[in-house]
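Numbering starts at 1 and runs along the sequence shown.
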Amino acid sequence: MEIPKAPKIFWGKTRDGESVDLHALTNSKGSEARIATYGGVVVSLKVPDRSGRMGDVVAGFNDLESYLKPPPYFGAIIGRYGNRIGKARFSLDGGEYTLAKNDGENSLHGGNRGFDKRVWTARSLSSQTLELSYLSRDGEEGYPGNLWATVTYTLTDANEFMIEYFATTDKDTVINLTNHTYFNLAGDGDILGQRVVINADWFTPVDEGLIPTGELRSVAATPFDFRTATSIGQRIDQNDQQLIFGHGYDHNWVLNRSGSGLETAAKVLDPKSGRVIEVLTTEPGLQFYTGNFLDGTLAGKGRVYTRRSAFCMETQHFPDSPNKPSFPSTLLKRGAEYRTTTVYRFSTI
Ligand code: BGC
């Protein structure tokens, strides 16, 4: 029997005239994800609330044009390097590499035209799995080596949205892929009442440019302690230097890990809808970002994206790792394989 493919539609063209498609993944529970080949963007993700009503839990837009403007990485694959590289440079194998300064003095999310602004080649593996590939050429955005990247999205029958990342290179390089979906488990409104658990005893404090200082700091007795469920809004406006630098939460937590497999990183629960998201990953870090820079100027899918109306749970290596030898390494050796997996598992209470 032939495996049914994910339905797709032509969505529009980029400014360079490249065609962009929108693919729909569905599962036996009636959940649905829509993925654009532009940026590998998760455009919508509909999962049930406690009464079985479907709701779209991610920020985004109905039209391609809004993504070309561009919004702050809504739903996109981030590469080659998720989050910041300090002073937009690093050295590797005796060479110095200079990146785009697109965030003050630093480089953010892969530079001026990162993976979020590229059209990926799609291959539908089934109605539940879509594979996206992109070849990033040697020197693109300043990074060394041709990099062959593949990201696979799967919507399982257990209401899990799984992302598998794979890459290889022909020269030593650095890599830190993630996904920048903004979630709101209620669909709409602010996220301040949603309750978070992060499985981490430590986080990486930052300077005012949001570059980690290199210190690992205990979360104990700080607003960064999410080891027991705490609402996002409970401490977000405390007079804490780290919260002031981040304008709220915009930090990397050092995940407690016991091995190298998929382990629980975080959990968020929305008391109103009853929706729960559990984040599992093979990665050592989690950037928890509370949409502090959303300011109500963007609107889409019938919603206005006001400050703190969505959160990101970006599973990744730590920011600025290429310049922080004490952090887990983001080096990808020539010919080596990069493989990471993250699962966003939805349920209700
Ligand atoms: C960063 C934020 C940034 C946001 C959107 C997050 O990953 O940590 O500082 O504003 O992405 O660009």
Side-chain angles (χ1 to χ4, degrees), residues 31 45 47-53 55-59 158-162 178-205 216-240 242-243 246-258 261-292 294 306-316 318 342-349:
S31 298
L45 182 55
V47 292
D49 68 6
R50 66 161 72 87
S51 63
R53 226 171 339 179
D56 185 355
V57 294
V58 306
N159 274 339
E160 294 161 326
F161 187 68
M162 176 163 76
T178 190
N179 177 280
H180 211 301
T181 293
Y182 287 66
F183 297 96
N184 182 336
L185 296 178
D188 212 350
D190 72 48
I191 50 161
L192 299 176
Q194 299 182 16
R195 296 169 68 74
V196 173
V197 177
I198 300 178
N199 180 23
D201 295 334
W202 307 85
F203 74 110
T204 52
L216 303 189
R217 187 176 294 172
S218 168
V219 296
T222 78
F224 293 82
D225 189 348
F226 282 99
R227 293 175 295 184
T228 54
T230 310
S231 61
I232 294 175
Q234 188 164 317
R235 301 163 301 186
I236 200 167
D237 286 321
Q238 278 184 9
N239 186 19
D240 173 277
Q242 285 297 312
L243 288 173
H247 303 268
Y249 295 106
D250 189 357
H251 295 77
N252 168 68
W253 272 255
V254 179
L255 296 171
N256 295 337
R257 298 200 56 97
S258 50
L262 267 181
E263 293 179 26
T264 300
K267 217 170 179 173
V268 188
L269 178 163
D270 174 36
K272 284 197 210 122
S273 65
R275 286 196 189 91
V276 177
I277 184 174
E278 190 180 347
V279 184
L280 300 101
T281 188
T282 58
E283 289 280 15
L286 175 78
Q287 185 82 13
F288 174 47
Y289 169 59
T290 46
N292 311 308
L294 297 176
T306 50
R307 187 159 195 243
R308 298 177 181 161
S309 60
F311 62 82
C312 300
M313 290 274 179
E314 300 156 70
T315 52
Q316 55 195 22
F318 308 170
T342 292
V343 173
Y344 296 97
R345 180 184 290 159
F346 293 91
S347 58
T348 57
I349 47 131

Spatial distance of atom [atom1] ([X]) from atom [atom2] ([Y]) [nearest 0.5 Å]:
| X | Y | atom1 | atom2 | answer |
| --- | --- | --- | --- | --- |
| Asn199 | Asn256 | CG | CG | 4.5 Å |
| Ile191 | Leu294 | CD1 | CG | 9.0 Å |
| Leu185 | Phe346 | CG | CZ | 7.0 Å |

Side chain to side chain donor-acceptor pair (under 3.5 Å) partners of [X], counting only residues at least two apart:
| X | value |
| --- | --- |
| Gln287 | Asp250 |
| Thr204 | Asn252 |
| Ser309 | none |

* To do: Using salt bridge (Lys or Arg N to Asp or Glu O under 4.0 Å) as the criterion, list what pairs up with Asp190, not counting sequence neighbours.
  => none

* **Asp49: salt bridge (Lys or Arg N to Asp or Glu O under 4.0 Å) partners, not counting sequence neighbours** => Arg53

* Asked: Any sub-3.5 Å donor-acceptor pair from Asn159's side-chain atoms to Val47's backbone N or O?
  -> no

* Do the side chain of Glu263 and the main chain of Ser258 share a donor and acceptor less than 3.5 angstrom apart? -> yes

If I compare all heavy atoms of [X] with all of [Y], which pair ends up nearest, and what's the gap?
| X | Y | answer |
| --- | --- | --- |
| Ser218 | Trp202 | N-CE3, 3.3 Å |
| Ser273 | Ala186 | OG-CA, 4.4 Å |
| Val196 | Ile198 | CG1-CG1, 3.7 Å |
| Pro48 | Ser31 | CD-OG, 3.7 Å |

Residues in side chain to side chain contact (heavy atoms under 4.5 Å, CB included) with [X], at least two apart?
| X | answer |
| --- | --- |
| Thr348 | Arg50 |
| Asn179 | Val42, Tyr153, Ile163, Tyr165, Thr181 |
| Pro205 | Phe203, Thr213, Glu215, Arg217, Gln242 |

* What residue pairs, at least two apart or across chains, pass salt bridge (Lys or Arg N to Asp or Glu O under 4.0 Å) with a residue in residues 227-239? -> Asp201-Arg227, Asp225-Arg227, Asp237-Arg308

* Sequence neighbours excluded, every pair satisfying salt bridge (Lys or Arg N to Asp or Glu O under 4.0 Å) that has a member inside residues 265-292 -> Glu278-Arg345

* Check against side chain to side chain contact (heavy atoms under 4.5 Å, CB included), Phe183 and Val268 -> CA-CA 10 Å; Phe183 297 96; Val268 188; over 6 Å; no

* To do: List for me each residue that meets ring pair (Phe, Tyr, Trp, His ring centres under 6.0 Å) alongside Phe226, sequence neighbours excluded, and say none if there are none.
  => Tyr249, Phe288

* Asked: Which residues pass the ring pair (Phe, Tyr, Trp, His ring centres under 6.0 Å) test with His251, sequence neighbours left out?
  -> Phe224

* Structure fact -> Only residue of Met313, Met162, Glu160 satisfying side chain to side chain contact (heavy atoms under 4.5 Å, CB included) with Tyr344 is Met313

* **Of Val343, Leu286, Thr264, Thr315, the residue whose pairing with Thr281 passes side chain to side chain contact (heavy atoms under 4.5 Å, CB included)** => Thr315

